[in-house]
Amino acid sequence: MSQSSYQRFAHIYDELMQDIPYDQYVNWVLKYAPSKDYPTLIDVGCGTGTLTLQFHQAGYDVTGIDLSEEMLAVANDRFQEVGVSIPLFAMSMDQIEGFSEIDVVTIPIDSINYLHEESSVVETLKRIYTILRDGGQLFFDVHSLYKMDEIFMDSPFTYDDGNITYIWYTEPADYEHSVYHQMTFFVKDETTELFERFDEEHFQRTFPLETYVEWLTNIGFSKVEITADWHNENPTDESERIFIRAIK
């Protein structure tokens with residue numbers, strides 16, 4: 001995605017993510033890694049900082065990491081509005097460095113699915129293992145094979161709330177269980193009430209659950225737990241979002 005597109009997308013991202021139950025994500029982490037026992041947390045792929053701020057409010061000493069400086073700028077504005085100071089770093093998740101003895105790492109809202117190469121996913125998991133303390137925990141979620149191969153292929157999708165309109169097309173990408181998202185946005189200017197158009201593309205790729213478990217186990221994580229769809233239940237063939245917790 002281009003830098004200019006990111007600049008526009010960063011400012012409408014939160015409106016498009018209103019259906020995400022962020023509080024459930026925080027509760028999932030708190031259940032297994034309460035902030036009083038696991039105080040330091042790095043939120044990888046933190047975007048505009050909505051979840052990062054909620055982790056802070058739940059008692060964690062939080063740091064946010066994201067590839068997009070535009071997203072981080074929006075996050076910083078969010079924190080300043082409520083008088084909160086949270087360190088933010090612009091870096092790719094497969095190049096994380098400079099941290100050690102971290103209690104918790106999160107990679108929320110299918111962020112890891114944006115990595116193109118298998119080697120980048122493995123490198124990300126290796127680097128997170130390195131910066132976690134013994135007993136530290138990794139929490140992340142991914143799109144299921146069913147969502148990538150079936151649900152995403154049922155496009156086009158449309159959205160219109162009067163201020164933001166989009167048309168969203170998908171098509172299979174080059175890898176198995178991968179997809180290109182092609183989106184056209186029309187965003188109303190509050191001053192002129194005219195709509196500005198911009199286009200962007202996303203790429204996402206996922207892997208079978210067994211592959212994620214194998215990678216985590218080979219890297220050295222001692223326990224890997226899999227649940228699905230915001231509930232503490234086993235995945236099914238029609239689960240859409242897979243939640244993975246791994247302990248170093």
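The first residue of the sequence shown is numbered 1, and numbering continues consecutively from there.
Side chains of D43 and T106: a donor-acceptor N/O pair is present below 3.5 angstrom, by distance only. A donor atom on one side chain and an acceptor atom on the other are not found under 3.5 Å apart for D61 and T40. Defined by atom type and a distance below 3.5 Å, a donor-acceptor pair is present between the side-chain atoms of D160 and T165. Between the side chains of D103 and Y60, no donor-acceptor pair of N or O atoms lies under 3.5 Å. Side-chain contact check for D66 and S68: no donor-acceptor pair (N or O, by modelled atom type) lies under 3.5 Å. Between Y175 and E118, the side chains place no donor N or O within less than 3.5 Å of an acceptor N or O (distance only, hydrogens not considered).
Two residues are said to be in side-chain contact when any heavy atoms from C-beta on lie closer than 4.5 Å; F140 and V142 meet this criterion. Using a 4.5 Å heavy-atom threshold, the side chains of M183 and E201 count as separate. Using a 4.5 Å heavy-atom cutoff, the side chains of T124 and L115 are in contact. Residues F55 and V29 have side chains in contact (heavy-atom distance under 4.5 Å, counting atoms from C-beta outward). Using a 4.5 Å heavy-atom threshold, the side chains of H202 and E200 count as touching. Under the 4.5 Å side-chain criterion, counting only non-hydrogen atoms from C-beta, E240 is in contact with I151.
The residue from H177, Q204, R205 that alone fulfils the side-chain hydrogen bond (donor to acceptor under 3.5 Å, both in side chains) condition with H143 is Q204. For the ring pair (Phe, Tyr, Trp, His ring centres under 6.0 Å) criterion with W168, the lone passing option out of Y180, Y159, F185, F157 is F157.
Listed for the T211 side chain is no donor-acceptor partner under 3.5 Å among the backbone atoms of F207. Counting only distance, with no hydrogens or angles, the side chain of S222 and the backbone of I247 share a donor-acceptor pair below 3.5 Å. With hydrogens and angles disregarded, no donor-acceptor distance shorter than 3.5 Å links the side chain of D189 to the backbone of L194. The backbone N or O of P87 sits nowhere less than 3.5 Å from a side-chain atom of T63 that would complete a donor-acceptor pair. Judged purely by atom type and a 3.5 angstrom limit, S239 uses its side chain to pair as donor or acceptor with the backbone of T236. Of the possible donor and acceptor atoms, none in the side chain of R197 sits under 3.5 Å from a partner among the backbone N and O of F186. At distances below 3.5 Å, not a single donor-acceptor pair connects side-chain atoms of N76 with backbone N or O atoms of L72. Between the side chain of S111 and the backbone N or O of I107, no donor-acceptor pair lies under 3.5 Å. Side-chain atoms of D141 come within 3.5 Å of backbone N or O of D110 as a donor-acceptor pair.
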Residue pair W215, T217: steps toward the side chain to side chain contact (heavy atoms under 4.5 Å, CB included) verdict: CA-CA 6 Å; W215 287 338; T217 302; over 6 Å; no

Which is it for E97 and R127 under the side chain to side chain contact (heavy atoms under 4.5 Å, CB included) test, yes or no, and what are the steps along the way? CA-CA 7 Å; E97 61 182 0; R127 287 182 179 245; 4.1 Å; yes

Could you walk me through whether R241 and D229 pass the salt bridge (charged side-chain N to carboxylate O under 4.0 Å, His left out) test, one step at a time? CA-CA 5 Å; R241 187 177 295 272; D229 290 339; over 6 Å; no

Please assess M91 against L67 for the test side chain to side chain contact (heavy atoms under 4.5 Å, CB included), listing each intermediate value before the final yes or no. CA-CA 5 Å; M91 65 175 71; L67 180 63; over 6 Å; no

Please assess H56 against Q54 for the test side chain to side chain donor-acceptor pair (under 3.5 Å), listing each intermediate value before the final yes or no. CA-CA 5 Å; H56 170 83; Q54 290 194 23; over 6 Å; no

Working note: F79 + L53, criterion side chain to side chain contact (heavy atoms under 4.5 Å, CB included); need CA distance, chi angles, decisive distance, verdict. CA-CA 7 Å; F79 304 152; L53 180 58; 3.9 Å; yes

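In this structure, the separation between OG on S144 and NZ on K147 is 7.5 Å, given to the nearest 0.5 Å. Taken from CG in L209 to CG in L145, the straight-line distance is 7.0 Å, to the nearest 0.5 Å. Put simply, CE on M153 and OG1 on T170 are 4.0 Å apart, with the number rounded to the nearest 0.5 Å. Interatomic distance, F243 CZ to Q24 CD, rounded to the nearest 0.5 Å: 8.0 Å. To the nearest 0.5 Å, atoms OH (Y32) and CG (N27) are separated by 12.0 Å. The CG atom of L41 sits 9.5 Å away from the OG atom of S35 when rounded to the nearest 0.5 Å.
The number of heavy atoms from other shown groups lying within 6.0 Å of CD (E176) does not exceed 12. The number of heavy atoms from other shown groups lying within 6.0 Å of NZ (K126) does not exceed 12. Atom CG of D237 is surrounded by 12 or fewer heavy atoms from other residues, nucleotides or ligands within 6.0 Å. No more than 12 heavy atoms of other residues, nucleotides or ligands sit less than 6.0 Å from atom OH of Y169.
The hydrophobic cluster containing V224 also contains I128, counting ILVMFWY residues as joined when their side-chain heavy atoms lie under 4.5 angstrom apart, directly or transitively. The same ILVMFWY cluster, assembled from side-chain heavy atoms under 4.5 Å apart, contains both M93 and I242. Hydrophobic clustering of Ile, Leu, Val, Met, Phe, Trp and Tyr side chains at less than 4.5 Å, counting indirect connections, keeps I167 apart from F195. In the hydrophobic clustering of this structure, I131 groups with V121; members are Ile, Leu, Val, Met, Phe, Trp, Tyr whose side-chain heavy atoms approach within less than 4.5 Å, directly or through other members. Linking ILVMFWY residues whenever their side-chain heavy atoms come closer than 4.5 Å, directly or via other members, leaves V62 and I65 in distinct clusters.
A centroid separation of less than 6.0 Å is found between the aromatic rings of F99 and F89.
Residues R133 and E101 are not paired through a salt bridge, judged by the lack of any N-O separation under 4.0 Å between the basic side chain and the carboxylate.
In plain terms, the two heavy atoms of G47 and A75 that are nearest each other are O-CB, 3.7 Å. The heavy-atom pair separating I244 from I226 by the smallest distance is CG1-CD1, 3.5 Å. The shortest non-hydrogen separation linking Y25 to W230 is CD1-CZ3, 3.6 Å. Considering every non-hydrogen atom in both C46 and L88, the closest pair reads SG-CD2, 4.2 Å. Of all heavy-atom pairs between K31 and N232, the closest is NZ-ND2, 3.5 Å. Pairing each heavy atom of Y38 with each of A33, the nearest pair is CD1-CA, 3.4 Å.
Between F203 and H116, the ring-plane angle classifies as tilted under the 30° and 60° cut-offs.
Both the sub-6.0 Å distance and the 45° axial angle are not jointly satisfied by K248 relative to the ring of F221.
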